[in-house]
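Report on the structure given below.
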Amino acid sequence: MDIVTRFAPSPTGYLHVGGLRTALYNYLYARKNKGKFILRIEDTDRTRYQEGAVENLLNSLKLMGIEYDSGPEKEDENGPYFQSKRTDLYNKEVDKLLKDGKAYRCFCTSERLGKLHEEQIKNGKDFKYDGKCRNISLEKSEERAKTEPFTIRLKVPESGQIKFKDKVRGKVKIDYSQVNDQILIKSDGFPTYHLANVVDDHYMKISHVIRGEEWLSSLPKHLLLYHYLDWKPPKFAHLPLLLNEDRSKLSKRQGDVAVKDYLNKGYLPAALLNFLVLLGWNPGDNREIFSLKQLINEFTLERINKSGSVFDIKKLDWMNGQYIRKLDDDSYFEEARKWIDVKNIKEDKLNIALKSLKPRLIKMTDIQEKLKLFTQKKFKIVNEDAKKIISMNSTKVVLKSYIQKINSTDRLTGKVFQKIMNEIQKETGVKGKNLWMPIRIALTGEMHGPELDYIVEYFGKEENIKRVRKHI
Ligand code: GLU
């Protein structure tokens, strides 16, 4: 079987991290099986249409490196499909359903439906159309359609059961009595998601529908449509929910949900992808770091988890740190420059400062703050322990010797610094914390920070002497 998957977002604003995970799984499954991965913009709900949403979406996918193919219909060679351009196709299919008595026109006003809804809510029931227009004959409904507004509904059997197998959830059974006569064409003539989605999945030869669990309850309607239209349905895999820390559904109220927000905060695309893939899928062992290539090799639908996954930001932080460390220095320097305002930094020494921060970063946005250590002209020692150390007798001895020794060097590199410190230790007998801390505190005012080699080299001979001299 040719594998074709799709990501089918509705352009309602931005790419959600849950949407990105869905896109990623579809992408991985298609790439692994040498199939196609299609992007389809489900934009038939004109009331939810948002200016710029499609551009945002495409841009986010691009930034994340998720590339899509053109579909088997070769409609737009390089672009995604847009459902709003395909309404003729949906209308053609719905006409068939009408003729076959598998769908019917509904002339109920929104007022009537509102009342019905209210009553059902009062009685603690889910909304279900009561079937008032189900039995209007086709001739009569065609006649009325000339003058009255209408919708077209799916005629769901009144009794019986639908059984299906989901790749993640296993066997599922649902009584038709629980399934609503879904609207397929709205009164504005546009199809609903349900109709357009099924028709497109069929014509685009989608082999596997991989999507969020929230769509599982719609599956009986979709399967009924396949059955009525005499089409073979694709395979389905419904992905577990993404959860907040308190196990409620991941929501904006508890944190960021847009992919862009995470990118803007300095998470690397590769780290975000790696983090997301593990929210709902596992490799069967305890490995956690995967390149995209490895994922393409290893991804299987069988290893998708059933239960929801908590979006654990601490884990993402950890993952991002790992990815920063993994960058080769040149890529890291290039990436880092996107995140800093290089004012006050010695450009020729910037890479030394950046290198010193590499092992200590969680997000790229941390860099600017951490660079202050190098750019600040003045500082006060506030830490009590640091104050004690800097006023010790042995400190004076160390600092004096330090100045003497760097005075007689040409170029103060990290290596030279290590050599000097060795000599000082030998000559003064001071070692360990009492040897190293005075230098760190004199140069930065802090007890902790990046490796001294880098700090010393960044400041260079003159600045080292200037800063250290103050404490003698
Ligand atoms: N347009 C739907 C969405 O926004 C697609 C659901 C599906 O993949 O079938 O999530």
Side-chain angles (χ1 to χ4, degrees), residues 4-6 8 10 40 42 44-45 83 86-87 89-108 113 116-117 120 125-138 141 150-187 189-239:
V4 186
T5 64
R6 80 320 191 255
S10 303
R40 184 171 78 220
E42 304 211 320
T44 60
D45 189 347
Q83 286 191 326
R86 301 164 58 83
T87 49
L89 185 64
Y90 312 129
N91 284 327
K92 194 182 93 197
E93 296 305 332
V94 97
D95 279 348
K96 270 192 233 159
L97 292 171
L98 276 176
K99 288 211 174 79
D100 292 349
K102 309 291 192 202
Y104 61 91
R105 289 192 183 85
C106 174
F107 298 94
C108 290
L113 295 172
L116 185 65
H117 198 172
Q120 289 174 337
K125 288 187 186 148
D126 287 338
F127 178 73
K128 193 164 180 277
Y129 179 60
D130 62 357
K132 182 168 184 273
C133 299
R134 258 175 93 103
N135 297 319
I136 299 173
S137 71
L138 187 58
S141 99
F150 63 90
T151 60
I152 300 179
R153 287 182 183 273
L154 178 69
K155 205 172 203 172
V156 178
E158 273 159 310
S159 59
Q161 242 183 3
I162 185 152
K163 291 184 197 153
F164 54 87
K165 225 177 130 193
D166 183 81
K167 285 259 183 208
V168 177
R169 320 234 35 116
K171 282 186 190 150
V172 184
K173 267 193 273 186
I174 295 181
D175 286 338
Y176 279 129
S177 61
Q178 290 175 24
V179 183
N180 189 27
D181 279 1
Q182 178 62 49
I183 293 181
L184 301 176
I185 299 277
K186 291 173 285 184
S187 53
F190 273 96
T192 54
Y193 150 75
H194 303 278
L195 175 70
N197 186 274
V198 165
V199 171
D200 278 344
D201 281 346
H202 170 72
Y203 282 105
M204 295 177 186
K205 300 188 173 65
I206 302 299
S207 64
H208 290 75
V209 169
I210 304 166
R211 63 184 172 192
E213 189 176 281
E214 63 272 29
W215 300 107
L216 187 65
S217 58
S218 300
L219 190 52
K221 298 168 198 171
H222 298 177
L223 288 172
L224 202 56
L225 278 169
Y226 283 102
H227 176 64
Y228 283 168
L229 290 163
D230 208 10
W231 294 338
K232 185 172 175 274
K235 302 239 182 316
F236 291 91
H238 286 86
L239 308 176

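Cys106 has its side chain within reach of Tyr129: a pair of non-hydrogen atoms, C-beta onward, lies under 4.5 Å apart. The closest side-chain heavy-atom distance from Val198 to Tyr226 is below 4.5 Å. Looking only at side-chain heavy atoms (C-beta outward), Lys163 and Lys171 stay at 4.5 Å or farther from each other. For the pair Leu219 and His238, the minimum side-chain heavy-atom distance is below 4.5 Å. Using a 4.5 Å heavy-atom cutoff, the side chains of Val156 and Asn180 are not in contact. Taking the side chain as every heavy atom from C-beta outward, Asp45 and Lys186 approach each other to under 4.5 Å. At least one side-chain heavy atom of Tyr203 sits less than 4.5 Å from a side-chain heavy atom of Trp231. Counting heavy atoms from C-beta outward, Arg169 and Phe236 have side chains that stay 4.5 Å or more apart.
Distance check, rounded to the nearest 0.5 Å: CG of Asp100 to NZ of Lys155 gives 11.0 Å. How far CG of Asp181 is from NZ of Lys132: 14.5 Å, rounded to the nearest 0.5 Å. Taking CD1 of Ile152 as the start and CG of Leu98 as the end, the distance is 4.5 Å to the nearest 0.5 Å. Atom CZ of residue Arg105 and atom CD1 of residue Ile136 lie 10.0 Å apart, to the nearest 0.5 angstrom. The line from CG of Asp130 to SG of Cys108 is 6.5 Å long, rounded to the nearest 0.5 Å. Separation of atoms OH (Tyr104) and OG (Ser141) is listed at 11.5 Å; rounding is to 0.5 Å.
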* Asked: Could you walk me through whether Glu42 and Asn197 pass the side-chain contact (heavy atoms from CB on, under 4.5 Å) check?
  -> CA-CA 8 Å; Glu42 304 211 320; Asn197 186 274; 3.1 Å; yes
* Could you give me the CA-CA distance, side-chain angles and deciding distance for Arg86 and Arg40, then say whether side-chain contact (heavy atoms from CB on, under 4.5 Å) is met? => CA-CA 11 Å; Arg86 301 164 58 83; Arg40 184 171 78 220; 5.6 Å; no
* Pair Phe190-Gln83, side-chain contact (heavy atoms from CB on, under 4.5 Å): steps then yes or no -> CA-CA 10 Å; Phe190 273 96; Gln83 286 191 326; over 6 Å; no
* May I have the step-by-step check of side-chain contact (heavy atoms from CB on, under 4.5 Å) for Leu224 and Lys102, ending in yes or no? => CA-CA 10 Å; Leu224 202 56; Lys102 309 291 192 202; over 6 Å; no
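Between Trp215 and His194, the ring planes are perpendicular. Angles over 60° get that label, and only those under 30° would be called parallel. Below 30°, between 30° and 60°, or above 60°: for His117 and Phe127 the angle between ring planes is between 30° and 60°, a tilted geometry.
Dense packing is recorded around NZ of Lys96, with more than 12 heavy atoms of other residues, nucleotides or ligands lying under 6.0 Å away. Within a 6.0 Å radius of NZ in Lys128, more than 12 heavy atoms belonging to other residues, nucleotides or ligands are found.
Considering all non-hydrogen atoms of both residues, Pro220 and Ser217 come closest at CD-O, 3.3 Å. Across every non-hydrogen atom of Pro191 and Thr87, the tightest pair is CD-CG2, 4.1 Å. The minimum heavy-atom distance linking Asn91 with Gly189 is given by the pair OD1-O, 4.2 Å. Summarising the geometry of Val179 relative to Lys221, their closest heavy-atom pair is CG1-CG, 3.6 Å, with the distance given to 0.1 Å. For Tyr228 against Pro157, the heavy-atom pair with the smallest separation is OH-CD, 3.5 Å.
Put simply, the side chain of Ser207 gets close to the backbone of Val4: a donor and an acceptor are under 3.5 Å apart.
Among Thr44, Asp200, Val94, the one residue that satisfies the side chain to side chain contact (heavy atoms under 4.5 Å, CB included) test with Leu195 is Val94. Of the candidates Arg6, His208, His222, Asp201 forms a side chain to side chain contact (heavy atoms under 4.5 Å, CB included) with just one, namely Arg6.
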